[in-house]
Amino acid sequence: PEAAPSSPRLQPMVTRLQVRGVAHGGAGVAAPTTDGEGADRRVWFVRGAMPGEVVEAEAEGEHRRYVLARTLRVLQSSPARVDPPCALAG
C-alpha cells in the first residue's frame, strides 16, 4: 500500500499571557497581554501559572471560546509563588 502524504506539522502557538485568576482544577485563567486589531480574545486556561503572573505559554488545545495551554516560562512571578519543599514536586 502507498503511504499517505504527511500533513504539515503546525507551529506551536506561544503567547505572552497575564494570569488573572484560578479555574476549577488549578489552571490559571489568563488573557493575552496584547490588545488591538487581530488580538486573541479567547480565555486561556494555563497549567503551572498563578494569579498575578505574566507567563509565556504554549497552546495544547484550541477551541472556539478558549485555549488550553501549559506554562513554558514565568516572566513575572507572583509573590505567592514559593519553591517546593521537595525536589520531586512541580
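Excluded from the calculations below are hydrogen atoms, water molecules and symmetry mates; all remaining heavy atoms, backbone and side chain alike, are included. Note that the coordinates shown come from a computational prediction; the quantities given were computed from them, not determined experimentally.
- For A49, the side-chain contact (heavy atoms from CB on, under 4.5 Å) partners at least two apart in sequence or on another chain are V19, V46, E53, V55, T71.
- Remark: the backbone N or O of H63 is paired with a side-chain donor or acceptor of R42 at under 3.5 angstrom.
- T33 OG1 to Q76 CD: the interatomic distance, rounded to the nearest 0.5 Å, is 10.5 Å.
- The shortest side-chain heavy-atom distance between V29 and V43 falls under the 4.5 Å cut-off.
- Atoms CD and CG, on Q18 and L75 in that order, are 10.5 Å from each other to the nearest 0.5 Å.
- At a threshold of 4.5 Å between non-hydrogen side-chain atoms, the residues W44 and Y66 do not count as touching.
- Pairs passing the salt bridge (Lys or Arg N to Asp or Glu O under 4.0 Å) check and including a residue from residues 67-76, sequence neighbours excluded, read E56-R73, E58-R70, E60-R70.
- Here the closest non-hydrogen pair linking A69 and A57 is CB-CB, 4.1 Å.
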**Verdict with supporting geometry, L72 and V14, side-chain contact (heavy atoms from CB on, under 4.5 Å)** = CA-CA 9 Å; L72 295 176; V14 176; 3.8 Å; yes

